[in-house]
2 protein chains.
Amino acid sequence: MIEVELETTEQRILDAAEELFYGRGIQSVGMDAIRTASGVPLKRLYQIFPSKDTLVEAYLKRRDARWLHDLARYVDAHDSPTQRILAVFDWLYRWFSEPDYRGCGFINSFGELGATSQAVADIAKAHKDAFRRYLADLVAAADAPARLTDQLVPLAEGAMTTAAISGSPEPARHAKDAARTLLRAAHADVVTAA
Amino acid sequence: MIEVELETTEQRILDAAEELFYGRGIQSVGMDAIRTASGVPLKRLYQIFPSKDTLVEAYLKRRDARWLHDLARYVDAHDSPTQRILAVFDWLYRWFSEPDYRGCGFINSFGELGATSQAVADIAKAHKDAFRRYLADLVAAADAPARLTDQLVPLAEGAMTTAAISGSPEPARHAKDAARTLLRAAHADVVTAA
DNA sequence: CATCCTCGAAAACGAACGTTCTCTTACGGT
DNA sequence: ACCGTAAGAGAACGTTCGTTTTCGAGGATG
């Protein structure tokens, strides 16, 4: 019971922190705003997260895990290896269409704090590496050359920032079109080489 | 003479501000750091830029103009329309290779302040629009379908963030490879349709 | 030489932030 | 019923930041 309550409090803090940090940027959000949004008094908040830095890192780590999990769950609804690759961009389109979409939280936090906090820089790098590995697996499963992964990564990343700044989800569609072309070309290369 | 000196002071402030804002993020840099780095006393600094906000906007606008100017100058050294498109990615490679490269200053400032400052969000959007228009002109000159522009934009943007977070300039090469493939495919489409 | 103006260096101010402390209240075990 | 403990609400503290003001030293002009 006690542990459950502690967990619940931690979740409430992280939920509030994520909405605020992602929505307004990390340095623009004071601990008081998180206190107000979560309803958790400062005392308890600091018992669970001894500093703002640890809260920021916890926010990023939880978002990292959930983001990749949600992506994989969406992709897993598709069977064909090439459809699974293209599904990544469909998922991005849905993400970009959320009303409070504001770009990739890891790109944002890296830009804001990457130079000041090694921990934030490391988490952002780890997140992007994990995304890259996930794409690499999809590419390998489609019998496409590994080189395709290197091309899909900037395509997806660029769609995120272009969608954020332009305020439109369309970059996901355009990136998907490009991915389809690259996929076909990569496959043709393999066939030609054989 | 007076005007020349005023210009020089303004340049010195903007030079210091650009290095610091770009290198550490905007909110991590205090006005005192800019005073120290530029050697311009706070009093004069505030005479020229009445607030940190105006200095930030001046930093972004100057960087916007110079960035696109430098890119165009590099591209103009190439003649063939397709080579001019690919040259964009060569230029990105050189940029990513600079020792203190830290991503696109506009993506970074949008992520950090876009939600809090409409002015910053607008400048970032204008910068990306200008880049997009520039690419669109190159695409049109190569007789490629306008659709290609939509594919090249996320490719270039994604190369910027991937290079920044990974700490390697290679994403520019991979993006260039992808661009070459997309260019060929787009051209083949045009030929087929004809 | 006296005077006014300018200008650089740094102190000072008010607000905001991260963090800690205090005070009051409520509860659980004997 | 009583006491020790925990916990919520928010005041308080020390620092930092953006911005303003003060102070003192030239430099040109009568």
Side-chain angles (χ1 to χ4, degrees), chain A residues 1-60 108-109 112-113 115-120, chain B residues 1-60 108-109 112-113 115-120:
Chain A
M1 187 63 165
I2 289 173
E3 288 165 20
V4 170
E5 194 174 347
L6 280 175
E7 265 184 311
T8 296
T9 302
E10 186 174 330
Q11 302 282 5
R12 275 203 299 163
I13 296 169
L14 284 173
D15 288 344
E18 179 158 8
E19 182 170 338
L20 290 169
F21 285 155
Y22 175 73
R24 299 191 209 159
I26 293 171
Q27 296 190 95
S28 301
V29 173
M31 293 297 278
D32 221 55
I34 290 167
R35 181 205 102 155
T36 304
S38 67
V40 176
L42 277 184
K43 195 176 176 182
R44 197 102 101 90
L45 210 160
Y46 273 91
Q47 282 170 0
I48 299 175
F49 299 104
S51 70
K52 187 182 182 181
D53 286 348
T54 64
L55 176 57
V56 168
E57 292 165 28
Y59 144 63
L60 289 173
N108 291 350
S109 62
E112 183 176 355
L113 296 173
T116 323
S117 159
Q118 189 61 45
V120 169
Chain B
M1 187 62 163
I2 290 174
E3 288 165 19
V4 169
E5 193 175 348
L6 279 176
E7 264 185 308
T8 294
T9 302
E10 185 173 331
Q11 302 282 4
R12 277 204 297 163
I13 296 168
L14 285 173
D15 288 344
E18 180 159 6
E19 182 170 338
L20 290 169
F21 284 156
Y22 176 73
R24 301 192 207 157
I26 292 171
Q27 296 189 96
S28 301
V29 173
M31 294 297 278
D32 221 55
I34 290 167
R35 180 206 103 153
T36 303
S38 67
V40 175
L42 276 183
K43 195 176 174 181
R44 195 102 98 91
L45 209 160
Y46 272 92
Q47 281 170 1
I48 299 175
F49 299 102
S51 69
K52 187 181 183 181
D53 287 349
T54 65
L55 176 57
V56 168
E57 291 166 28
Y59 144 63
L60 289 172
N108 290 352
S109 61
E112 184 176 354
L113 296 172
T116 324
S117 158
Q118 189 60 45
V120 168

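Every chain is numbered from 1 and lettered A, B, ... according to where its sequence line falls, protein lines coming before strand lines.
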Which residues pass the side-chain contact (heavy atoms from CB on, under 4.5 Å) test with B/Gln47, not counting sequence neighbours?
B/Lys43, B/Arg44
Within residues 18-25 of chain B: residues closer than 4.0 Å to DNA chain C (heavy atoms)
none
So, is A/Lys52 close to the C/dG18 phosphate, meaning a side-chain N or O under 4.0 Å from OP1 or OP2?
yes
Atom CD1 of B/Ile26 to atom C1' of D/dG18: distance rounded to whole Å?
15 Å
Listed partners of B/Ala115 passing side-chain contact (heavy atoms from CB on, under 4.5 Å), at least two apart
A/Arg102
Rounded to the nearest 0.5 Å, what separation is found between the CD1 atom of B/Ile26 and the CG atom of B/Leu20?
11.5 Å
Tell me: CG of A/Leu45 to P of C/dC21, nearest whole Å?
17 Å
Please state how far atom CG in A/Asp53 lies from atom C1' in C/dC17, giving the value in whole angstrom units.
13 Å
Pull out every residue in residues 29-38 of chain B that has a heavy atom closer than 4.0 Å to any atom of DNA chain D, ordered by number, or say none.
B/Val29, B/Gly30, B/Met31
Any B/Arg44 side-chain nitrogen or oxygen under 4.0 Å from OP1 or OP2 of C/dC7
no
Any side-chain to backbone donor/acceptor pair from B/Glu112 onto B/Gln27? Under 3.5 Å, distance only.
yes
Take the protein atom CD of A/Gln47 and the nucleotide atom C1' of D/dA7, then report the distance between them rounded to whole Å.
8 Å
Integer-rounded Å distance: C/dG18 P and A/Tyr46 OH:
6 Å
List the atom pairs, with distances to 0.1 Å, where a side-chain N or O of residues 34-42 of chain B and a protein N or O form a donor-acceptor pair under 3.5 Å, not counting sequence neighbours.
| from | atom 1 | to | atom 2 | distance (Å) |
| --- | --- | --- | --- | --- |
| B/Thr36 | OG1 | B/Asp32 | O | 3.0 |
| B/Ser38 | OG | B/Ile34 | O | 2.7 |
| B/Ser38 | OG | B/Arg35 | O | 3.4 |
| B/Ser38 | OG | B/Val40 | N | 3.1 |

Under the side-chain contact (heavy atoms from CB on, under 4.5 Å) test, which residues partner B/Thr116, sequence neighbours left out?
A/Ser28
If the condition is salt bridge (Lys or Arg N to Asp or Glu O under 4.0 Å), which residues does A/Glu18 pass it with, not counting sequence neighbours?
A/Arg62, A/Arg63, A/Arg66
Let's see if you can work this out: which of C/dT19, D/dT22, D/dG8 has an atom nearest to the side-chain heavy atoms of B/Lys43?
D/dT22
Which atom pair, heavy atoms only, marks the closest approach of A/Ser51 to A/Thr54?
O-OG1, 2.8 Å
I want to verify a distance call: between C/dA11, C/dT19, D/dG18, whose nearest atom is closest to the A/Ser51 side chain?
C/dT19
Of the nucleotides D/dT19, D/dA11, D/dG8, which one has an atom closest to the side chain of B/Leu42?
D/dT19
Starting at CD1 of A/Ile48 and ending at P of C/dT19, how long is that distance when rounded to a whole Å?
15 Å
What ring pair (Phe, Tyr, Trp, His ring centres under 6.0 Å) pairs are there with at least one residue in residues 14-60 of chain B, not counting sequence neighbours?
B/Phe21-B/Tyr59
